[in-house]
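As structure tokens, the structure follows; a few thoughts come after it.
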Amino acid sequence: MCGIVGYIGERDCTDVLISSLSKLEYRGYDSAGIAVFENGEIEVQKAKGELKNLSEKLKTDHYPEGHCGIGHTRWATHGEPSDINSHPHSGKRVSIVHNGIIENYKDLKKFLTSKGYTFESETDTETVAKLLDYYYEGDPVDAIIKVLGDVRGAYALGIIFKDFPDRIFAVRKDSPLIIGVGDDENFIASDVPAILQYTKKHYLLEENEIATIHSDRVEFCDIHKTNIEKEVIVSDLDMDAAEKGGYEHFMLKEIHEQPNAVNTTITPRIVNGMPDLSECGIDLEDLKNYRKIFIVACGTAMHAGVVGKYVIEKLARTEVTVDIASEFRYRNPILTPDDLMIVISQSGETADTKAALHLAHDMGSKVLAIVNVKGSSIAREADMVLYTHAGPEISVASTKAFSVQMSVMYLLAFEMAYAKGIIDEEECKRLTEELTTIPDAIDKAMECEEKCKYVASKLVTAHSLLYIGRGLDYALSMEGSLKLKEISYIHSESYAAGELKHGTISLVEKGLPVISVATQNALLEKTVSNIEEVKSRGAFTITVAKEGEEFAEGINDELITVPALDDILMPMVTVIPLQLLAYYTTVLKGLNVDKPRNLAKSVTVE
């Protein structure tokens, strides 16, 4: 959520800030702003709406010319989207950009008001700006340390002080921030894509480390002003990975990148035909002895966890509980040192998921993280890390991250089942071999694209949809429903097909689209019965099934087929038409596919 950038060097600072912010638009935002040193003064420009609104304002109002400044794209939490509530926020001698939430801002605001400060915005961030101004007595680092002692919550802060036009200050807690390193120029950013066009080198800023960024060097210290030495990291991402590459939208590009992403993720983890996760710190003996597994994640990652639950329980016969991360802590869960928690997060910064990780550690459980971003907070704090190799995922609606998350869940399930002696080496190799065919199977599943585009044309006028399925198909129906609702804004719900007659079927009326996922042979007869139930009540039935599957005439208004695999692996190809249906429905409605309203890519606050 939100995007922070900063620049100091010889380039046109305003141009760098706007260009860098454009690379963070995928994070979700509703306003943007910059603060740039110009002739010794801090010039602030900000605007509600898309970044292009700010660019237009710079042309007609004032274009700050300078070489040091900070910028921000805001996603509203406190106060409506507006020019006034946009960042940066300022005190008399300081200007800041902030990602996160200051939980005790009302108390701080009351204190500062008593000291004569007045406030223009409704934001929690302005409170931090004024508090920095209150504590500032000539040493910016001293002021920052005092503020850190007062504020509670999550924050990443980019700060400039009027008295120091040749440097930027940065600090973070529970929100990501990196320091980009160039030649006689340096940067701050919420994420690597913001700076890739200028440099691949960066520092990771740790919790409550304070960075002082000059054009030719970066200095780090802790809250006791003790100097810290840090190593430069070189990103393995490239600019092409963060561009559309000829596709109309990032989402479509990322759907088509799934075969390669899955191949890149699983191939290094297969040795002599067997899954091998030892490089991730996963020990066969430990896998054999875990009492219970807790999978904790949010949104799409949680749906990958549901697939993991079905597969681990079926193959490894180990009890698995899947929890929504935002609920996990508050149900007072029972974890022991004999349990394993698996946390799944594309960004590795998801606030609720990170909190669940901390709880597991407090209760003595080991944590395995499945993340896509190297060096992210969750990756650094987990006991074991399974990195997925999806590359940057720019579209807010997650696609390839879901597929690679599922793929490593399969490898884990295979290895655990083998470690426990429930499947032998021959069966483990057979399953692993079939998993290696998945990239080609996904490629073949893409052949349904034109069919999905046609079916999507039938959905654009719908006000509501139902997705139904059983077993693994139910997990996929949840993901399909989420994809559609989050980008097309059509109300959609997913239900276990067997639950229809327990109330949900009352919603079915003539013309209601019902998308049935029906790929599991053992459950197909029952699922078909459920399709017949909704069809008899007037539903417009769309079914996703295996190639070659035969249905009674008239039961399906539209049938979309995918390659036939072992039932347990079907989610890897079944998800493709569900993603394409959501994509083309949204395109046909003329909506912004990559940046749906009110949503952010990385949810770094509760």
Side-chain angles (χ1 to χ4, degrees), residues 269 274-298 301-345 348 350 352-371 377-388 405-425 427-428 431-432 435 471-472 474-475 478 496 568-569 571:
R269 279 78 183 256
M274 294 284 284
D276 184 349
L277 304 178
S278 57
E279 52 104 5
C280 310
I282 297 171
D283 182 81
L284 282 176
E285 193 65 27
D286 289 339
L287 284 179
K288 183 168 65 176
N289 294 323
Y290 287 123
R291 179 189 74 96
K292 185 175 180 180
I293 295 174
F294 292 84
I295 299 178
V296 182
C298 301
M302 189 272 289
H303 297 156
V306 176
V307 172
K309 170 187 169 67
Y310 279 109
V311 178
I312 292 171
E313 288 191 337
K314 180 179 177 62
L315 295 178
R317 307 307 297 156
T318 298
E319 184 181 355
V320 181
T321 298
V322 180
D323 277 273
I324 298 168
S326 58
E327 290 290 320
F328 182 73
R329 283 183 295 159
Y330 305 111
R331 69 171 178 83
N332 197 18
I334 302 169
L335 293 98
T336 75
D338 296 324
D339 299 326
L340 172 68
M341 176 183 282
I342 301 173
V343 293
I344 310 174
S345 168
T350 311
D352 291 307
T353 307
K354 188 160 60 170
L357 181 156
H358 296 160
L359 178 61
H361 279 163
D362 290 344
M363 301 181 78
S365 297
K366 293 288 187 182
V367 178
L368 165 65
I370 297 174
V371 298
S377 297
I378 288 174
R380 296 200 304 274
E381 295 180 30
D383 301 291
M384 300 160 280
V385 184
L386 246 173
Y387 280 115
T388 56
Q405 288 161 359
M406 285 196 295
S407 71
V408 295
M409 292 303 297
Y410 282 110
L411 285 175
L412 182 65
F414 299 165
E415 188 160 55
M416 180 175 285
Y418 175 69
K420 292 169 73 71
I422 296 171
I423 61 173
D424 59 18
E425 183 174 333
E427 176 64 3
C428 191
L431 289 166
T432 304
L435 186 65
L472 284 166
Y474 173 48
M478 288 193 286
I568 206 167
L569 290 169

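In this chain, numbering begins with 1 at the start of the sequence shown. Every value quoted in this text rests on a predicted model; they were computed, and no experiment measured them.
Residue Ile370 holds its CD1 atom at 8.5 Å from OG1 of Thr388, rounded to the nearest 0.5 Å. Here the CG-CG distance, from Asp338 to Leu335, works out to 11.0 Å after rounding to the nearest 0.5 Å. For the atom pair CZ of Arg269 and CD1 of Ile282, the computed distance is 8.5 Å after rounding to the nearest 0.5 Å. Of the inter-residue distances, the one linking Asp339 atom CG with Tyr290 atom OH reads 10.0 Å to the nearest 0.5 angstrom. Distance check: Ile342 CD1 to Leu412 CG gives 5.0 Å after rounding to the nearest 0.5 Å. In this structure, OG1 on Thr321 lies 5.0 Å from CZ on Phe294, to the nearest 0.5 angstrom.
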(request) Check the pair Ile334, Lys292 against side-chain contact (heavy atoms from CB on, under 4.5 Å), reporting the backbone distance first and the verdict last. (result) CA-CA 10 Å; Ile334 302 169; Lys292 185 175 180 180; over 6 Å; no

(request) Tell me, with the steps shown, if Met384 and Leu277 meet side-chain contact (heavy atoms from CB on, under 4.5 Å). (result) CA-CA 10 Å; Met384 300 160 280; Leu277 304 178; over 6 Å; no

(message) salt bridge (Lys or Arg N to Asp or Glu O under 4.0 Å), that's the test. Do Glu313 and Lys309 meet it? Break it down for me.
(response) CA-CA 6 Å; Glu313 288 191 337; Lys309 170 187 169 67; 3.2 Å; yes

(request) Please lay out, stage by stage, how Val371 and Tyr387 fare under the test side-chain contact (heavy atoms from CB on, under 4.5 Å). (result) CA-CA 5 Å; Val371 298; Tyr387 280 115; 3.7 Å; yes

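For the residue pair Met409 and Ala304, the shortest heavy atom distance occurs at CG-O, 4.1 Å. Shortest non-hydrogen contact noted between Arg317 and Lys314 is CD-O, 3.6 Å. Here the shortest heavy-atom pairing between Phe328 and Pro333 reads O-CD, 3.3 Å. Of all the heavy atoms in Val385 and Ala382, the pair that sits closest is CG2-CB, 4.4 Å.
Here Ala325 pairs with Val296, Cys298, Asp352, Thr353 under the side chain to side chain contact (heavy atoms under 4.5 Å, CB included) rule; sequence neighbours left out. By the side chain to side chain contact (heavy atoms under 4.5 Å, CB included) test, Lys420 pairs with Lys288, Ala316, Thr318, Met416, Ile422, sequence neighbours left out.
Checked against Glu415 for a side-chain contact (heavy atoms from CB on, under 4.5 Å), the options Leu315, Leu287, Thr432 give a single hit: Leu287. Of the listed residues (Met406, Gln405, Met478), just one forms a side-chain contact (heavy atoms from CB on, under 4.5 Å) with His303, and that residue is Met478.
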Could you tabulate the donor-acceptor pairs under 3.5 Å formed by side-chain atoms of residues 357-369, not counting sequence neighbours?
residue, atom, partner, partner atom, Å
His358, NE2, Glu381, OE1, 2.4
His361, NE2, Asp383, OD2, 2.9
Ser365, OG, Thr336, O, 2.7

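Here the side chain of Tyr410 pairs no donor or acceptor atom with the backbone of Val311 at under 3.5 angstrom. The closest donor-acceptor contact from the side chain of Asn289 to the backbone of Glu285 lies under 3.5 Å.
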